[in-house]
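Chain letters run A, B, ... following the sequence lines, proteins first, then strands; residues in each count from 1.
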Amino acid sequence: LFFFMGMSLQAQDKPSSDFEQFNDQLKNEYFSIGGLLQTIGDYQFERVTGENGFSVGNARLQVYGEFDNKFGYQLQTNFVSSTALLDANMYYNVTPNFSVKAGLFKSPFSYEYLTGAAATDFVNRSSVVNQLAPKRQVGLQMQGKVADGKFKYTAGMFNGNGFGTNANDDDKFLYTARIETNSEIGDNSNNTFIMGLNASYEESDNPTSGAGLLSQLEGEQLLLGADTRISYQKMMLAGEFIYSTINADAGWKYNPYGYYVTGGYFVTPKTQLLARWDYFEGDFIGASSESIVGGVNIFPTDFSEVQLNYIYPVDQGADFSQIQLNLQIAL
Amino acid sequence: LFFFMGMSLQAQDKPSSDFEQFNDQLKNEYFSIGGLLQTIGDYQFERVTGENGFSVGNARLQVYGEFDNKFGYQLQTNFVSSTALLDANMYYNVTPNFSVKAGLFKSPFSYEYLTGAAATDFVNRSSVVNQLAPKRQVGLQMQGKVADGKFKYTAGMFNGNGFGTNANDDDKFLYTARIETNSEIGDNSNNTFIMGLNASYEESDNPTSGAGLLSQLEGEQLLLGADTRISYQKMMLAGEFIYSTINADAGWKYNPYGYYVTGGYFVTPKTQLLARWDYFEGDFIGASSESIVGGVNIFPTDFSEVQLNYIYPVDQGADFSQIQLNLQIAL
Amino acid sequence: LFFFMGMSLQAQDKPSSDFEQFNDQLKNEYFSIGGLLQTIGDYQFERVTGENGFSVGNARLQVYGEFDNKFGYQLQTNFVSSTALLDANMYYNVTPNFSVKAGLFKSPFSYEYLTGAAATDFVNRSSVVNQLAPKRQVGLQMQGKVADGKFKYTAGMFNGNGFGTNANDDDKFLYTARIETNSEIGDNSNNTFIMGLNASYEESDNPTSGAGLLSQLEGEQLLLGADTRISYQKMMLAGEFIYSTINADAGWKYNPYGYYVTGGYFVTPKTQLLARWDYFEGDFIGASSESIVGGVNIFPTDFSEVQLNYIYPVDQGADFSQIQLNLQIAL
């Protein structure tokens, strides 16, 4: 009896921040609420597309949880879109090291794409990931860990046409797989080395849907990708390469591909400087681009971030430089 | 003083499952959160409409509650649709046995339609209910109980054109009423006998809206229905019949009607086998169909369900058989 | 130790209403849930536009909070619309008397518009506010207080085309500012005198967007407004005037303007009678109107309200009178 009283009173004695109280109250194993708000400011010296001004980058709300380490669920919305649904899935942990998942969720391809919108290095993801990754899909997935969690594998079967129509549009499927290895550098859990290999194959009989650039024609697409991310003390180094082979039923063949290399350094505990080389070759089916992105990420608190990006398009020249500002609260 | 201390400490002593904790925390009289996630797999041997593949059956979130047994409210969304609103209503308990309700909610017609999506016997509702029931409407309703709750009545007045435009489209209304009797079989509250009678009348001056099949022309519709459901030990028997009389202003008269008969049996405490005869006669204004549906419902936990259905279309033949799988989490 | 025990037990001793418990549990400084449900009944003797019937006035849900008096956020949705987003913003309190805000929110113009939908005097806002106020916008704002909070100022820069496209549509901005003074009458905090001055300037290069009536053409608009609200014992007196100067690029100039004067009186603690003179001169670019609105507001509880309005259109005659009923639950 005294034990519980002691605990309870101790808890009330300790002063804690509002954010700690938020986490205590709204992040339980079986039910958590999450949110992401982003306000974007966008300015380009010589505007090419769109206009200078403001936008709501994200207005997300999600609930998720896991019951007794067995059944899990996630429902996430982004209210900036007319169809607000982002994620609607459930999973079952068959063993602690093997799970199956069903519903709408991110198909397992690309480290940067699988990184949550609140935690990306820059305001926008890289060109190659935006143009080629298969993104959110409706389907089934299995995932597991081997060798004490050092290796993770994920493989899934999906409709291949995103959420849009909320049904398969062509009786053909998208198959995606990813292997990831995650190791500590020198017994320090803050120093990590991550490497991933991604593969995806899709046939599409519908000329207006399909993952990535396959959404433009009927045919088949093979995607191969590799990514890595090294965090060592204040330093971060990351890179990703994706290569696509599209065989159109009409006879044409396309090989769009691209990559990015990113370096980052924490100049203070709450300020990170970043630079990225961002390259994409569209091979007549996508828009090619080549740019250098400089960034500053400032983290005033655990739940807030200010991102300032300067994008220099190497292929177009300094007049077409773009500045992006992201004000963010992520709960 | 000691009394409260004791209670509180006892509660902390008892170990409970995550789902019990979820209910403790998120289901209060005055505020509850509910959710429903369904992932559907759909396969037809000779596909007629649509394609084989996956879909998100439901991605629902709702909040509801009742203040001091007097004022109640419900707000429910389904994010698979672009307009996510399903229910938005409030009610007032004038007496414990008589209430009035206003807003958007299920109009009182058909036992199967009034059964929540998480608790239907099969993956989809019956043809006759899908085609004829007036479904969710905006309007007013009164409901009450007599004879110690053994008889319930509900009657409402609605726009008659669903939620779509969120306003009446033709200055004409839909009137719906239902009487239900609910009795125990032999003093055991698990053995119940439910019987309901439904009636609905609507005039529509708008050729593209109106409840059920009246949405196809200007005119008036009278709907009459009867339903029953008997649960006795491991057995369940249910049936429903709906008959429609549509008088088109253009002079034609239609009498679409249909029914289903369902039997179920719990072969284990968590596994139910089901069979249904599903019949609908469209009378030139709706699509006729006749099928046998076999089903297995598995309940791994109180909040999860797996439904597997095999649909044999008697009128088309085995080649057009369809298999539906529903993976569900309902909170 | 005893202090905390005492507090906790005392709290458990006091019986409290469900609504007090709701507020205890769901309204914290760092995270609050709010909701607004309205069911509207609308009847016009000689119908001009629309039809007599019911509608869902609002089906809103919001979350909001403030961390350690520094970072605040708000996310509000209204599910009656296909794009449900109403508010998505964050703010930072630089000092207790000065804040900056970013995202989607109400631009600071007009007392009645800045009054929440749950607390307006009548079922609908006045014609002049509906037609001229710049309403919700995406952008940045600063706000502050001087003279012990007696004077408040707010100034913002916005895209000027509402949320719709979630981006600026023309590289031009809307600038809005408001000054407000708030004083007690005779040392009683229930007796207050509020006065506000509003100004707004916008250039628009897009013929189909822009704030208020500027959404109909390319050009510039200057809005000037003044409002006041006096609450003294059971009495309330309020008024607002807005004057617009629109210079179309095509050469034309328009001066739509309007005003309302409202008086209210609580005949019982829970029943308020209201009358409004509502005038709007559209000057060939908006629809002119002149009407008298009578209203009864009944507050059965702190969270519920019934509003009954009778609108007499002075310019059209009694045959075109309209009756509006609002049933509301606001949490």
If I measure from the heavy atoms of chain A, does B/Gln25 come under 4.5 Å with its side chain, its backbone, both, or neither? side chain
Return the option, out of B/Gly41, B/Ser81, B/Ser304, B/Gly57, with the maximum number of heavy-atom pairs under 4.5 Å with chain A. B/Ser304
At a heavy-atom separation under 4.5 Å, does A/Ser82 approach chain B through its side chain, its backbone, both, or neither? both
At a heavy-atom distance under 4.5 Å, which candidate from B/Ala59, B/Gly35, B/Pro300 has the highest pair count against chain A? B/Ala59
I need the minimum non-hydrogen distance between B/Ser17 and A/Asp68, along with the two atoms involved. CB-OD2, 3.8 Å
The interface call for B/Tyr43 against chain A, heavy-atom contacts under 4.5 Å, is neither
Per the side-chain contact (heavy atoms from CB on, under 4.5 Å) rule, which among A/Asp87, A/Asn89, A/Leu104 passes with B/Val56? A/Leu104
Rounded to the nearest 0.5 Å, how far apart are CG of B/Asn23 and OH of A/Tyr30? 10.0 Å
Which region of B/Ala84, side chain (C-beta onward) or backbone (N, CA, C, O), has a non-hydrogen atom less than 4.5 Å from a non-hydrogen atom of chain A, or is it both or neither? neither
Side chain proximity check, B/Phe79 to A/Leu86, heavy atoms < 4.5 angstrom: no
Under 4.5 Å from any heavy atom of chain A - which part of B/Arg47: neither
In the structure I gave you, are the side-chain heavy atoms of A/Asn168 and B/Asn52 within less than 4.5 Å of one another anywhere? no
Ignoring hydrogens, what is the shortest heavy-atom contact between A/Gln74 and B/Leu37? Give both atom names and the distance. O-CD1, 3.7 Å
Which atoms of B/Ile40 are under 4.5 Å from chain A, going by heavy atoms: the side chain, the backbone, both sets, or neither? neither
Does any backbone or side-chain atom of A/Phe173 lie under 4.5 Å from a heavy atom of chain B? Answer side chain, backbone, both or neither. side chain
How long is the gap from CZ on A/Phe67 to CD on B/Gln21, to the nearest 0.5 Å? 10.0 Å
Tightest non-hydrogen contact, residues B/Leu327 and A/Ala102, listed as CD1-CB, 3.6 Å
A/Asn159 side chain vs B/Gly53 backbone, donor-acceptor pair below 3.5 Å: no
With ring pair (Phe, Tyr, Trp, His ring centres under 6.0 Å) as the test, would you mind laying out the steps for B/Phe54 and A/Phe158 before giving the verdict? CA-CA 7 Å; B/Phe54 307 105; A/Phe158 305 94; 7.9 Å; no
Does the side chain of A/Phe71 reach to within under 4.5 Å of the side chain of B/Thr301, using non-hydrogen atoms? yes
